[in-house]
Amino acid sequence: MKIQENISLGQYTTFQIGGPARFFCNVTTEDELAQAVKFGKKNRLRFFILGGGSNVLISDEGYPGLVIKIELKGVEYKKKGSAVIVSAAAGELWDELVASAVERGLYGIENLSAIPGTVGAAPVQNIGAYGMDVSSSVYKVRAFDRKTMKYVELSNEECCFAYRDSLFLQDRRRYIITRVDFKLTTKGKVNIKYKDVAAYFASRKPPMSEPTLSDVRDAVIDIRWNKLPDWKKWGTAGSFFKNPLVSGRKFKQLQKKYPGIVGYPEPDGRVKVALGWVLDNICEVKGLCHDGAAVYEKQALVIVAKPGAKAGEVVNLAKELMKRVKEKTGIQITGEVEWVN
Ligand code: EPU
């Protein structure tokens, strides 16, 4: 394992933004990862784990510590009754895993098609889209525990999953994921209830009432392609903020004031507010830009950056959006993208 110095980080992120890392290393095995962590500890460095770089915004000044890029590879499939345990190394590309699961007729992650990033990052923020969260198919997670300096295996329950949240965010920096096992099934049913997905199949000619697994993957790719920016053209990290959770009472108040507001009831009585709707219809932010950073024209929850844009420009725009939402609704929104500085 080679520790490099002063490596520019922008090239490793989908925002294409960020100054240099003081120290940088690629790890391809669990041993190398343990060595890298030891190097960081010995030199009292802060450290940061980089996967696909699709959910981070790195400061223009860069990162003063050690950046560890996870390059562990390999996928295994093991049959377990009608289920299949898919064991994938953290550095595998998420969408390649989804594609091969769908090809093998395995249900459970198809609605999460075309999400950029790596397998190891998927449980961290419990990626979700089109009515499916990855937490519903995670079987166990293998990770390096920096507290004990040993590898551990965590069950689904131990991962404490919630909406865009998990143990790996709650106990930040303690665990470094090296492998994720998913429990998928050959005897599943497609989930096409999400508004956009249902509308997609209803609008086919003739309408499709029983889409297959690969029809669902194709539909999701198509929907994302039409709603989310092209990562090759724009710097972006997808949704910049989380959809906020508010009490049922607060949601009713908002509904009175803004009758069209979209919200999704949670099992605990709270309501997850569609922030994209709020930003678009109440705060009227579409078209807003700060130098090289702009609100994406087709999805107000997404910030895009023009080539050459600075992290500071994105941050200024994000602050403006936070201020507007607070003024109009009283809600303090939080970032979904990780700010690294
Ligand atoms: N809406 C608007 N205007 C907008 C954007 C949205 O009116 O500019 C409305 C939509 O019409 C819809 C509602 O708001 O009624 C929700 O919008 P959408 O279905 O696009 O989903 P979202 O809540 O904005 C979440 C995820 C996305 C994921 C989609 C689809 C979060 C923070 N974001 O977005 O995930 O793709 O659902 O399932 O939960 C990501 O995390 O980077 C990401 C793209």
Side-chain angles (χ1 to χ4, degrees), residues 13-15 51-57 94-95 98 109-118 121-136 161-166 169 191-200 216-217 219-231 234-246 251 254-255 258-266 271-288 294-304 314 318 321-322 324-325 328-329 331 333-338:
T13 75
T14 54
F15 251 127
S54 55
N55 206 47
V56 289
L57 178 62
W94 171 256
D95 193 49
V98 178
I109 50 177
E110 60 282 0
N111 292 30
L112 306 178
S113 288
I115 296 182
T118 55
V124 176
Q125 59 144 344
N126 185 15
I127 58 168
Y130 307 105
M132 192 179 269
D133 285 342
V134 79
S135 57
S136 58
F161 289 118
Y163 166 64
R164 291 297 196 275
D165 195 25
S166 73
L169 285 180
N191 167 1
I192 55 164
K193 289 198 197 104
Y194 197 87
K195 196 175 98 185
D196 290 357
V197 181
Y200 180 93
V216 173
R217 175 170 164 78
V220 168
I221 292 173
D222 219 22
I223 295 165
R224 286 187 76 90
W225 183 253
N226 283 309
K227 267 211 164 165
L228 295 169
D230 178 353
W231 312 81
W234 290 99
T236 184
S239 299
F240 197 86
F241 300 101
K242 289 185 195 179
N243 282 328
L245 283 159
V246 300
F251 189 71
L254 290 169
Q255 243 175 347
Y258 309 111
I261 193 167
V262 178
Y264 312 98
E266 293 285 297
V271 179
K272 191 161 76 187
V273 181
L275 182 59
W277 191 94
V278 170
L279 287 165
D280 185 8
N281 298 280
I282 305 178
C283 306
E284 296 178 345
V285 301
K286 277 191 186 159
L288 196 67
V295 173
Y296 186 53
E297 57 183 3
K298 295 186 199 161
Q299 228 295 4
L301 197 49
V302 173
I303 292 182
V304 290
V314 175
L321 302 186
M322 292 169 87
R324 289 195 186 190
V325 173
K328 296 275 188 191
T329 66
I331 302 172
I333 56 172
T334 54
E336 199 223 64
V337 170
E338 188 182 357

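We count ligands from 1, going down the list as the structure has it; atoms in each ligand are counted the same way. In this chain, residues are counted from 1 in sequence order.
- With hydrogens left out, the protein atom closest to atom 3 (N) of ligand 1 is D280 OD2, 2.8 Å, a heavy atom.
- The protein atom (non-hydrogen) at minimum distance from atom 18 (P) of ligand 1 is Y194 OH, 3.6 Å.
- Less than 4.0 angstrom separates some heavy atom of A274 from each of these atoms of ligand 1: 13 (C), 14 (O), 16 (C).
- Looking from atom 17 (O) of ligand 1 to the surrounding protein, the closest heavy atom is Q299 NE2, 4.0 Å.
- Heavy atoms of F240 stay at 4.0 angstrom or farther from ligand 1.
- The protein heavy-atom contact nearest to atom 25 (C) of ligand 1 is N243 ND2, 4.3 Å.
- Close approach of ligand 1 to R224 (heavy-atom distance below 4.0 Å) involves ligand atoms 36 (O).
- Although no hydrogens or angles enter the test, the distance criterion places a donor-acceptor pair under 3.5 Å between the side chain of N111 and the main chain of N191.
- Summary of contacts: the protein heavy atom closest to atom 38 (O) of ligand 1 is Y130 N, 2.6 Å.
- Each of the following atoms of ligand 1 lies closer than 4.0 Å to a heavy atom of K227: 20 (O).
- In terms of protein heavy-atom proximity, atom 16 (C) of ligand 1 is nearest to Y264 OH, 3.4 Å.
- Regarding atom 40 (C) of ligand 1, its nearest protein heavy-atom neighbour is S239 OG, 3.3 Å.
- Between K298 and ligand 1, no pair of N/O atoms sits closer than 3.5 Å.
- Within the 4.0 Å heavy-atom criterion, both parts of A129, backbone and side chain, lie near ligand 1.
- At least one heavy atom of K195 lies less than 4.0 angstrom from ligand 1.
- Using a 4.0 Å cut-off between charged nitrogen and carboxylate oxygen, D230 and R224 do not count as a salt-bridge pair.
- On a distance-only criterion, A300 and ligand 1 share at least one N/O pair closer than 3.5 Å.
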- request: Begin from the C-alpha positions of D222 and Y200 and carry the test side-chain hydrogen bond (donor to acceptor under 3.5 Å, both in side chains) through to its verdict.
  value: CA-CA 9 Å; D222 219 22; Y200 180 93; 3.2 Å; yes

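- Atom 1 (N) of ligand 1 has as its closest protein heavy atom W277 N, 3.7 Å.
- Close approach of ligand 1 to G238 (heavy-atom distance below 4.0 Å) involves ligand atoms 42 (O).
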